[in-house]
Participant: 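Dropping a structure here in structure tokens format, bear with me for questions.
The residues of the chain are indexed from 1 along the displayed sequence.
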Amino acid sequence: MLTSTAVGAYMDELLATAGTPDYPNALNGLQLENQSAIRGIAAAVDFSTRAVQGAIESSANFLIVHHGMFWGGLTPLSGPTYRILRMLMENDIAVYSSHLPLDRHPTLGNNALLAEQLDLTPSGLFARFENIFIGVRGEADIETASLVNSARVFANDYGEIRTSRILPGRRTKRWAICTGAGASADTLHEASAAGIDTLIVGEGPHWTAIHAEEHDLAIIYAGHYATETIGVRALARHVAEKYELPWTFVSAPTGL
Ligand SMILES: [Zn+2]
């Protein structure tokens, strides 16, 4: 019988979960086990009622998410938290979450795959977190506007993209990617130090757009949700192929 703990252990190995630092609430790995044999995989960006419903509708009993069950911190098991847990238990669904281990994975990760989607070839790593790098960077010689367009096409299914002010004719020569909440004091500092002229992220605070304009940096905010749809899909496909199981992606855009 294919158990959730066996699938979880395989994924931990694949993603180097044990050796990857993360925020405590990420709690990477198998977050909820189940009892029945795994018969189908569902993937979603966020652990949510929509994600669990999507898993149930597709008869999947192993749910893979990027932002897991404990993302929001300590909370009593009452109200919506109780209801979602009950829904999982009644349908015997296991939950596996992978945050930074998935962000940084060289072939299944959000960052490597976003570069591929935008036709960019990484030549190095970016966005240091403790002893690891989450993102990627590289060189190009393209009009920044055309990169913005590629990002718009990529994110189209999930929402609008935004950018800092970009002057006509501006070119991108050194780019970096950090998906999700990728525009921060740390990444902007690192971008300056590495001579990055174009930063592609999911989202960032308002001040980052001003900082960008002042430092002749272009920031493309392609959506926190959109930029993190690709890793969970690739991971679910990989695991489903390994165990010859059906898999599905549950689309539940957050609007951000
Ligand atoms: Zn995220």
Participant: Does Asp92 use its side chain to pair, donor to acceptor, with the backbone of Ser36 at less than 3.5 Å?
Facilitator: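 Yes, Asp92 side chain to Ser36 backbone: donor-acceptor pair under 3.5 Å.
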Participant: Please table the atom pairs, donor to acceptor, closer than 3.5 Å between any side-chain atom in residues 209-225 and protein atoms at least two apart or in another chain.
Facilitator:
residue : atom : partner : partner atom : Å
Glu213  : OE2  : Arg165  : NH1          : 3.4
His215  : ND1  : His211  : O            : 2.9
Tyr221  : OH   : Thr208  : OG1          : 2.8
Tyr221  : OH   : Ala209  : N            : 3.2
His224  : ND1  : Glu203  : OE2          : 2.7
His224  : NE2  : His67   : NE2          : 3.4
His224  : NE2  : Glu228  : OE1          : 3.0
Tyr225  : OH   : Ala252  : N            : 2.8

Participant: Are any side-chain N or O atoms of Glu190 and backbone N or O atoms of Ala127, one a donor and one an acceptor, separated by less than 3.5 Å?
Facilitator: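 Yes, because the side chain of Glu190 sits within donor-acceptor range (under 3.5 Å) of the backbone of Ala127.
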Participant: Which atom pair, heavy atoms only, marks the closest approach of Lys173 to Asp197?
Facilitator: N-OD2, 2.9 Å
Participant: With side chain to side chain contact (heavy atoms under 4.5 Å, CB included) as the criterion, how do Tyr158 and Val45 come out once you've worked through the C-alpha distance, each side chain's angles and the decisive distance to 0.1 Å?
Facilitator: CA-CA 12 Å; Tyr158 309 110; Val45 175; over 6 Å; no
Participant: Would Phe62 and Met1 show up in the same hydrophobic cluster when neighbours are defined by side-chain heavy atoms closer than 4.5 Å?
Facilitator: no
Participant: Working to the nearest 0.5 Å, report the span between CE of Met69 and OG1 of Thr81.
Facilitator: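 OG1 of Thr81 is found 9.5 Å from CE of Met69.
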Participant: How long is the gap from CZ on Arg83 to CG on Leu88, to the nearest 0.5 Å?
Facilitator: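 Reported to 0.5 Å precision, the distance equals 13.5 Å.
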Participant: Going by the rule ring-ring contact (aromatic ring centres under 6.0 Å, His included), which residues pair with Phe249 if we only count those two or more places apart in sequence or in a different chain?
Facilitator: none
Participant: Keeping to residues at least two apart or across chains, list the side chain to side chain donor-acceptor pair (under 3.5 Å) pairs with something in residues 121-137.
Facilitator: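 Sorted result for residues 121-137: Ser123-Glu139.
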Participant: Applying side chain to side chain contact (heavy atoms under 4.5 Å, CB included), run through Val201 and Thr187 and close with a yes or a no.
Facilitator: CA-CA 10 Å; Val201 300; Thr187 55; 5.6 Å; no
Participant: For residues 109-116, which side-chain donor-acceptor pairs fall under 3.5 Å, sequence neighbours excluded?
Facilitator:
residue : atom : partner : partner atom : Å
Asn110  : OD1  : Gly231  : N            : 2.7
Asn110  : ND2  : Asp103  : OD1          : 2.9
Asn111  : OD1  : Thr179  : N            : 3.0
Asn111  : ND2  : Asp103  : O            : 3.0
Asn111  : ND2  : Ile134  : O            : 3.1
Asn111  : ND2  : Thr179  : OG1          : 3.3

Participant: Could you list the residues that satisfy side-chain contact (heavy atoms from CB on, under 4.5 Å) with Ala191, not counting sequence neighbours?
Facilitator: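 With sequence neighbours excluded, Ala191 shows a side-chain contact (heavy atoms from CB on, under 4.5 Å) to Phe126, Ile196, given in chain and number order.
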Participant: Who pairs with Arg86 by salt bridge (charged side-chain N to carboxylate O under 4.0 Å, His left out), at least two apart in sequence or on another chain?
Facilitator: Glu90
Participant: Going by the rule salt bridge (charged side-chain N to carboxylate O under 4.0 Å, His left out), which residues pair with Arg237 if we only count those two or more places apart in sequence or in a different chain?
Facilitator: none
Participant: Going only through I, L, V, M, F, W and Y residues with side-chain contacts under 4.5 Å, is there a path from Leu77 to Ile93?
Facilitator: yes
Participant: What is the minimum heavy-atom distance between Asp22 and Leu100, and which atoms define it?
Facilitator: OD2-N, 2.9 Å
Participant: How would you list, by chain and number, every residue that makes a side-chain contact (heavy atoms from CB on, under 4.5 Å) with Ile142, sequence neighbours excluded?
Facilitator: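 Residues passing side-chain contact (heavy atoms from CB on, under 4.5 Å) with Ile142: Leu120, Ala140, Ser146, Leu147, Thr172.
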Participant: If the condition is side-chain hydrogen bond (donor to acceptor under 3.5 Å, both in side chains), which residues does Thr75 pass it with, not counting sequence neighbours?
Facilitator: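 Here no residue qualifies.
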Participant: Are Ser4 and Leu30 close enough that some pair of their side-chain heavy atoms sits under 4.5 Å apart?
Facilitator: yes
Participant: Got a second to check how far Arg233's CZ is from Ser251's OG, nearest 0.5 Å?
Facilitator: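 One finds 7.0 Å between CZ of Arg233 and OG of Ser251.
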Participant: Does Arg174 reach the main-chain N or O of Thr198 with its side chain, forming a donor-acceptor pair under 3.5 Å?
Facilitator: no
Participant: Centroid separation under 6.0 Å, is that true for the rings of Phe70 and Tyr23?
Facilitator: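 Ring centroids of Tyr23 and Phe70 are no less than 6.0 Å from each other.
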Participant: Taking atom CZ as the centre, does Arg162 end up with more than 12 heavy-atom neighbours from other residues, nucleotides or ligands that are less than 6.0 angstrom away?
Facilitator: no
Participant: By the rule that ILVMFWY residues connect when side-chain heavy atoms come within less than 4.5 angstrom, directly or transitively, which residues belong alongside Leu256?
Facilitator: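 Joined to Leu256, directly or through intermediates: none.
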Participant: Is it true that Asn28 and Ser98 share a donor-acceptor pair across their side chains at a distance under 3.5 Å?
Facilitator: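 Checked: Ser98/Asn28 side chains show no N/O donor-acceptor pair below 3.5 Å.
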Participant: Are any of the side-chain heavy atoms of Phe129 and Pro21 separated by less than 4.5 Å?
Facilitator: yes
Participant: Could you report the tightest heavy-atom contact between Arg39 and Pro246, atom names first, then the distance?
Facilitator: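 Scanning both residues, the minimum pair turns out to be O-CD, 3.2 Å.
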Participant: Hey, what do you get for OG (Ser78) to CG (Leu85), rounding to the nearest 0.5 Å?
Facilitator: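 That separation rounds to 11.5 Å.
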Participant: State the CZ-CD1 distance between Phe154 and Ile200, to the nearest 0.5 angstrom.
Facilitator: 11.0 Å
Participant: Heavy atoms only: give me the nearest Trp247-Ala236 pair and the separation to one decimal.
Facilitator: CE3-CB, 3.6 Å
Participant: Check His66 against His99 and note the closest heavy-atom contact, atom names and distance.
Facilitator: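 That closest heavy-atom pairing would be CE1-O, 3.2 Å.
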Participant: With sequence neighbours left out, what residues match Asp12 under side-chain contact (heavy atoms from CB on, under 4.5 Å)?
Facilitator: Thr17, Tyr96
Participant: Please answer whether the main-chain N or O of Met87 pairs with a side-chain N or O of Asn91 as donor and acceptor at a distance below 3.5 Å.
Facilitator: yes
Participant: What about Leu27 and Val95, same hydrophobic cluster or not, with Ile/Leu/Val/Met/Phe/Trp/Tyr joined at side-chain heavy-atom distances under 4.5 Å?
Facilitator: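 They do share one cluster, since a chain of ILVMFWY contacts under 4.5 Å joins Leu27 to Val95.
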Participant: After noting the C-alpha distance and the side-chain angles of Thr3 and Val7, does the key distance pass the side chain to side chain contact (heavy atoms under 4.5 Å, CB included) rule?
Facilitator: CA-CA 6 Å; Thr3 63; Val7 178; over 6 Å; no
Participant: Do Leu199 and Trp175 sit in the same hydrophobic cluster, where Ile, Leu, Val, Met, Phe, Trp and Tyr count as joined when their side-chain heavy atoms come under 4.5 Å apart?
Facilitator: no
Participant: Step through the shown structure and confirm whether more than 12 heavy atoms of other residues, nucleotides or ligands are within 6.0 Å of OH on Tyr10.
Facilitator: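 It does: Tyr10 OH has more than 12 such atoms within range.
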Participant: Any idea which heavy atoms bring Val232 and Ala43 closest together, and the distance?
Facilitator: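 Of all heavy-atom pairs spanning Val232 and Ala43, the closest is O-CB, 3.6 Å.
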Participant: Under the side chain to side chain contact (heavy atoms under 4.5 Å, CB included) rule, what do His238 and Leu14 come out as? Steps first, then yes or no, please.
Facilitator: CA-CA 10 Å; His238 175 98; Leu14 174 73; 3.7 Å; yes
Participant: Kindly work out whether a path of hydrophobic side-chain contacts (I/L/V/M/F/W/Y, heavy atoms less than 4.5 Å apart) joins Trp71 to Val65.
Facilitator: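 Shared cluster, no.
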Participant: To the closest 0.5 Å, what do you measure between CG (Leu2) and CG (Leu245)?
Facilitator: 6.0 Å
Participant: Taking side-chain contact (heavy atoms from CB on, under 4.5 Å) as the definition, give me every residue that meets it alongside Arg104, ordered by chain and number, with sequence neighbours left out.
Facilitator: Ala16, Thr20, Ile132
